[in-house]
Amino acid sequence: MIIRKCLIVKELQDDMMIDGLLQKYDDSAPYMYGIVVDGEKSLLDKLGTIVNLGEPAVISFFRVNKTPYNGNYLVDFDNIIEIMSKSDYEKRKGGK
């Protein structure tokens, strides 16, 4: 059980369409996207009220604000830039 106010995320490394332009994945970019795989219960409940019920949540956060954890990353809730559903994230993907 996660008790710290954070989420566990798996990094997503897709190319993205931003303002109609293809932005290639860059592991040196200041922010990154991750799909939420676990976390502190109240935070997971909060995410469930923001994204479509039962759909995975994707967050963006500043790359420097992550901590490696069992092959994924820990991200404190205060460091989240944006929250979206997995389907909304899929709409932004590009280069396919």
Side-chain angles (χ1 to χ4, degrees):
M1 173 189 317
I2 304 296
I3 58 172
R4 183 177 168 145
K5 292 284 187 191
C6 62
L7 299 169
I8 299 175
V9 300
K10 178 178 178 166
E11 182 180 11
L12 298 171
Q13 300 179 343
D14 300 299
D15 297 338
M16 303 294 283
M17 292 298 294
I18 299 177
D19 295 329
L21 299 173
L22 179 64
Q23 180 177 350
K24 293 289 201 176
Y25 170 77
D26 179 2
D27 66 359
S28 66
Y31 65 91
M32 59 191 283
Y33 293 94
I35 188 162
V36 176
V37 296
D38 202 358
E40 193 270 331
K41 183 179 177 347
S42 70
L43 297 180
L44 294 175
D45 291 344
K46 189 174 195 174
L47 289 178
T49 65
I50 296 170
V51 300
N52 300 329
L53 187 62
E55 190 172 355
V58 173
I59 61 172
S60 63
F61 52 96
F62 291 106
R63 189 172 292 277
V64 297
N65 294 328
K66 69 181 185 332
T67 303
Y69 181 76
N70 293 334
N72 293 307
Y73 297 104
L74 290 174
V75 178
D76 289 334
F77 194 76
D78 291 341
N79 293 320
I80 294 173
I81 300 167
E82 180 183 22
I83 300 169
M84 68 191 89
S85 66
K86 179 76 161 103
S87 60
D88 286 339
Y89 173 82
E90 292 292 329
K91 293 174 190 173
R92 295 185 185 187
K93 284 174 43 174
K96 303 276 184 220

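The side-chain heavy atoms of R4 and D76, taken from C-beta on, include a pair separated by under 4.5 Å. Between E82 and F61 there is no side-chain heavy-atom pair separated by less than 4.5 Å. Residues L7 and L74 form no side-chain contact, since every pair of their non-hydrogen atoms from C-beta on lies 4.5 Å or further apart. When side chains are defined from C-beta on, N65 does not count as touching V75, because their heavy atoms never get closer than 4.5 Å. Contact of the M32 side chain with the Q13 side chain is not registered, since no non-hydrogen atoms from C-beta on lie closer than 4.5 Å. At a threshold of 4.5 Å between non-hydrogen side-chain atoms, the residues L44 and V36 count as touching.
Ring centroids of Y89 and Y33 are separated by less than 6.0 Å, placing the two rings close together.
Transitive grouping of hydrophobic side chains (ILVMFWY, heavy atoms separated by less than 4.5 Å) keeps I80 and M84 in distinct clusters. When hydrophobic clusters are built by joining Ile, Leu, Val, Met, Phe, Trp and Tyr residues whose side-chain heavy atoms come closer than 4.5 Å, directly or via intermediates, M17 is not grouped with L12.
Under the 3.5 Å distance criterion, the side-chain polar atoms of N72 are left unmatched by any main-chain donor or acceptor of I8.
Atom CD1 of I50 has more than 12 heavy atoms from other residues, nucleotides or ligands within 6.0 Å. Around CZ of F62, the count of heavy atoms belonging to other residues, nucleotides or ligands within 6.0 Å does not exceed 12.
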Residue pair E11, R63: steps toward the salt bridge (Lys or Arg N to Asp or Glu O under 4.0 Å) verdict: CA-CA 10 Å; E11 182 180 11; R63 189 172 292 277; 3.5 Å; yes
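In this model, a donor atom of one side chain and an acceptor atom of the other lie less than 3.5 Å apart for S85 and D88.
Remark: K5 fails to qualify as a cation-pi partner of F77 under the 6.0 Å distance and 45° angle criteria applied to the six-membered ring.
Between K86 and E55 no salt bridge is recorded (no basic side-chain N to carboxylate O distance below 4.0 Å).
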